[in-house]
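I have placed the structure first, in the form of structure tokens, so that the comments after it can refer back to it.
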Amino acid sequence: MAARRVGVERIFSWSALDEKTRVGLLVCIFLMVAVAPAIGQSIESGWEFRESGTEQNLNTAVIVEHDNTKTIWVFGNQGTMLSSNDLGNNWQLHEKITDSNIIASDSYAENVVILSSDGGVFVISENGSWTYLGKIDSTNELTDITIISEGKSGIIVIGDNGNIWKSSSSSTDDDVLEWYQASNPLDSKLLDIAFLDNEKGIIVGEEGTILYTEDGGQSWDFRESPEETRNSDLVSVGFYNPFRMFAVSSEGQILSSTTEGAINWNLVEIESHGYDTSLGRSINSIEVVSASIILFAGSNNYLSVSLDGGNIVETNLIPQDVFSSFNDHAMIDYQKGIVVGDNGVILWTDTSGKNNLVGFEIPDYNNFGDFVEYSDDMLLDGFKATVKIVGFGILFGFIIGVLLAMLKTAPATLKSLIEGKPSIIVRLVGGGLSITGIYLFWNGFRGFSELQLNGIEYIFTPVGDPHGFALFGIGITITFLGILFISSDGKFSKIKLGPLTFDPWKIRPLNSIATVYTDFFRNTPLIVQFMFIHFGLSLGMEAQAVYENIIGPIGNDGVDYFLLGESAFISAIFTLGLNSGAYQCETIRGAISAIPSGQMEAGRSIGLTYLGTMKLVIMPQAIRICIPPIGNEMVNLVLNSSLAMVIGYAELSRQGRLIIAVTFQVFWAWGMVMISYFVVTWTLALLLRRLEEKTRIPGLGISGGS
Amino acid sequence: MADVVLSILDLEKIYPGGVHAVRGISFDVHEGESVAIIGSSGSGKSTVLRCINRLIEPTKGVIELRGKQINTPNADVNNVRSRIGMVFQSFELFAHLKVLDNVTLGLRHVRGMSKSDAEKVAIEVLERVDMLERINAYPGNLSGGQKQRVAIARALAMKPEVILFDEPTSALDPELIGSVLQTIRGLADEGMTMVIVTHEISFARDVADRIVYLDNGKVAEEGPSSIINEPKTDRLKKFLSSMHEDKIIENVKKES
Ligand SMILES: Nc1ncnc2c1ncn2[C@@H]1O[C@H](COP(=O)(O)OP(=O)(O)O)[C@@H](O)[C@H]1O
Ligand SMILES: [Mg+2]
């Protein structure tokens, strides 16, 4: 038997170096990191102070566009009205139209509507001229206003005691509108209203009130808020698209809904605040400027921003000498805009409020000792987390790899599966398969049409709905199988299509399934797989739910917590395992085909079954000879595990990012992270080497011929 | 006449590529009989053996083991195979298992014996093939002759009703052939039913009760071992003389 070596070369030839060189190299790397200069950075506020010319409290701000110029309007106490046509550089104070406090405003097209605390409603056009739209005659306090359509009819005002006032469209000529009350299931105080378009809107209020409308505010449906916020005052709501809605409570709880119709609301666990469910600050308003960027404004000089839907909320530095309670944002795009607050404060940003990092030294962590003192625990946590997913991922990936390799090498064809079975049974099974197949196919097909797409996006329809796409494909395949079985007459004839002949009976179904699987996982980016499995399939959360339904709540420590406590952990090991399995499969298959075919025959000739021979004869040999290439796959898995940071799993890379967020020591932090990875892969390579030596058998594999 | 153990009737095999390897072969093997199949390379000898053991499916024909047809989809292949021993030209010992485990594997996982019972049987058969002192060696550390004797022990351990040998000595150096032939001869003397494909003509003549000469997928001549000395057909004559020349050439090569 000739010396045989399967597959891929080793990725790094670290093992070829002798012990001294290795230690030397490690020491060098460590020294480089340790003595590197502390290139720190300082932080500057992302907000700039703008002179408003007033000392009044500013309550609300809106933007209107007219002839391609954008005008920002700001309104405040005692009828204060300001506008700016140059992105907030200069502010013009307008003549008062009311002496009451202007508490809320909104815009539609060129019109701005405002609400004064005594119930007066005005519409203001671009040159500052205004029209009085009447007064809402309410004994209850009013809180917010919105306008959802052209003209003066689509105005909605909300207030205490569950009051929702709508302007009547009956008198279009008459400027003074009539107001009537829309139906509403609750009587708690309503605080904020936001519309996505002229139909879908949300109102939030005290005692966790969430109301939703789909008919432009005619009727409002109650939406359940999470248990923890039932007694909180929801002060502000943002409606970005049909699947992205955020609300915030006065004590800083962030709620999000990603279901159409705002059906479910979840409380965000704020990672940057130790997975707390509250910012711990008094919040007045949020502004949702993209599907994931949220700006927060609150009392006591509080401004912050989250780029990821509230997972990490970064507190903004406030420019010196500014002290205010911030009340409202008006954003031109997701980066540029203003925030207004008490005492006439207007701040401008072009960074979504994010702090600017400026490259000069900061004293806090520019000493390596201080840096290590801060970061060692975090790094160790990340290290443990990485080892944890790597360990489980390797185990899982290897099992999947072996299974797939066995499927891929399985010789069973469609012919051998049904050969010798009574034809009536084959046809019955075929009938069953056909019906199932057509049912699945039809469901998938109907799924597409329910998406109600009618433009260019139609061509993406099958892909745009992965669920329908899968049903569609599986349906067609199963139907084909069913028809084949029904039409089988024991002769196993080929299908002839003109000059093409195709022998369906030669199809190896197990092999096909495994091939579809491996092709899919090897031809899509791992980062997308992570996100699809964690966010798309919610695999981690589903697994937790199943466990909690069957066994009971997951504890705070113990084995169940270790395995199931974190949904991102479950998703991560599945993704890594499924992905790595697809790659390991090819390696293992290579090793299987490197085992002489006589070994299978010898196993079968003493009466072992196919699977028995696989298990007792082929796999024990194949696995021995594929330890080196499988080792490469495992090293790859360690490196790939860094992508788990995108689903919020606190492994090494993510910890590195968090360390930098505090210390700004980019070089040290990434250097340490890199060394940590190296330690993991190197240890793994050593262990595999030992394993290879331990399991070596004379005459088998790379140790030479016999 | 003794019972018929194995009966082959009108066996044909066409390989998927279209090679017509076996074109209608019939012969019987009786209890305690050794049948030697001879024939030039490519004449279909291995194909016949592999059909009998159901390692491949014949295209046509009937194979019976003790009067029961075994080449039907309903027959339990694994049972059939465990009743028919097979010894391969290239030994095919399980490289990851020690000698003893090679022999006990089938006993434990097919016959369902306990480890200690299987080892008892294994030691018995290993003693018969004179391999007792190497039971803890890996196949990689054995000589070719030793490997083949272990392979014979592996087949014997299953207490088969018939053993098929496919050129058991062709892969061996000449000095190692003797011990393996000796072992097979011993089995013949003990009354083991065997079908032996071999190029060792003199061995076939001395040991086999009957000779089947295959040519181009057909039985060209069949008879008692005396047909080697007095071939009736020209083709067998030619074959025998070419074998003789081969032997001379091979010996010359070895010496140089
Ligand atoms: N698996 C196979 N596929 C196709 N043809 C084969 C296969 N095995 C053997 N053959 C062909 O069948 C014929 C008989 O082969 P074989 O039975 O091995 O002959 P022998 O053992 O007598 O040398 C040869 O022509 C050979 O090439
Ligand atoms: Mg042969």
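Chain identifiers are assigned alphabetically (A, B, ...) following the order of the sequence lines, protein sequences preceding nucleic acid strands; residue numbering begins at 1 within each chain. Basis for what follows: all heavy atoms, side chains included, without hydrogens, waters or symmetry-related copies.
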- Query: Taking the side chain from Asp3(B) and the backbone from Val5(B), do they hold a donor-acceptor pair closer than 3.5 Å?
  - Reply: no
Give every donor-acceptor pair under 3.5 Å between a side-chain atom in residues 507-514 of chain A and any protein atom, sequence neighbours left out.
| residue | atom | partner | partner atom | Å |
| --- | --- | --- | --- | --- |
| Arg508(A) | NH1 | Ala410(A) | O | 3.0 |
| Asn511(A) | OD1 | Thr515(A) | OG1 | 3.2 |
| Asn511(A) | ND2 | Lys408(A) | O | 2.7 |
| Ser512(A) | OG | Arg508(A) | O | 2.9 |

Have [X] and [Y] got a donor and an acceptor in their side chains that come within less than 3.5 Å?
X: Gln584(A); Y: Ser580(A); value: yes
X: Tyr583(A); Y: Thr518(A); value: no
X: Ser46(B); Y: Asp166(B); value: yes

- Message: What part of Ile84(B) gets within 4.5 angstrom of chain A, counting heavy atoms only: side chain, backbone, both, or neither?
- Response: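 Only the backbone of Ile84(B) comes within 4.5 Å of chain A.
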- Note on the structure: Bottom line for Arg50(B): the part with an atom under 4.5 Å from chain A's heavy atoms is side chain
- Query: Residue by residue, which of residues 85-93 of chain B have a heavy atom closer than 4.5 Å to a heavy atom belonging to chain A?
  - Reply: Met86(B), Phe88(B), Glu92(B), Leu93(B)
- Message: side-chain hydrogen bond (donor to acceptor under 3.5 Å, both in side chains), that's the test. Do Arg589(A) and Thr409(A) meet it? Break it down for me.
- Response: CA-CA 7 Å; Arg589(A) 184 170 76 146; Thr409(A) 50; over 6 Å; no
- Message: So which residue, Leu105(B), Asn74(B), Asp76(B), Leu164(B), ends up with the most heavy-atom pairs under 4.5 Å with chain A?
- Response: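 Heavy-atom pair counts peak at Leu105(B).
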- Query: Among Arg624(A), Glu601(A), Met600(A), who wins on heavy-atom pairs under 4.5 Å with chain B?
  - Reply: Glu601(A)
- Note on the structure: If you tally heavy-atom pairs under 4.5 Å between each of Ala602(A), Gly607(A), Gly603(A) and chain B, the highest tally belongs to Gly607(A)
- Message: Regarding Lys120(B) and Glu124(B), does a basic nitrogen lie under 4.0 Å from an acidic carboxylate oxygen?
- Response: no
- Task: Determine the interplanar angle of the Trp505(A) and Phe485(A) rings, folded into 0 to 90°, and report it as parallel if under 30°, tilted if 30 to 60°, perpendicular if over 60°.
- Result: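 If you compare the ring of Trp505(A) with that of Phe485(A), the planes turn out parallel.
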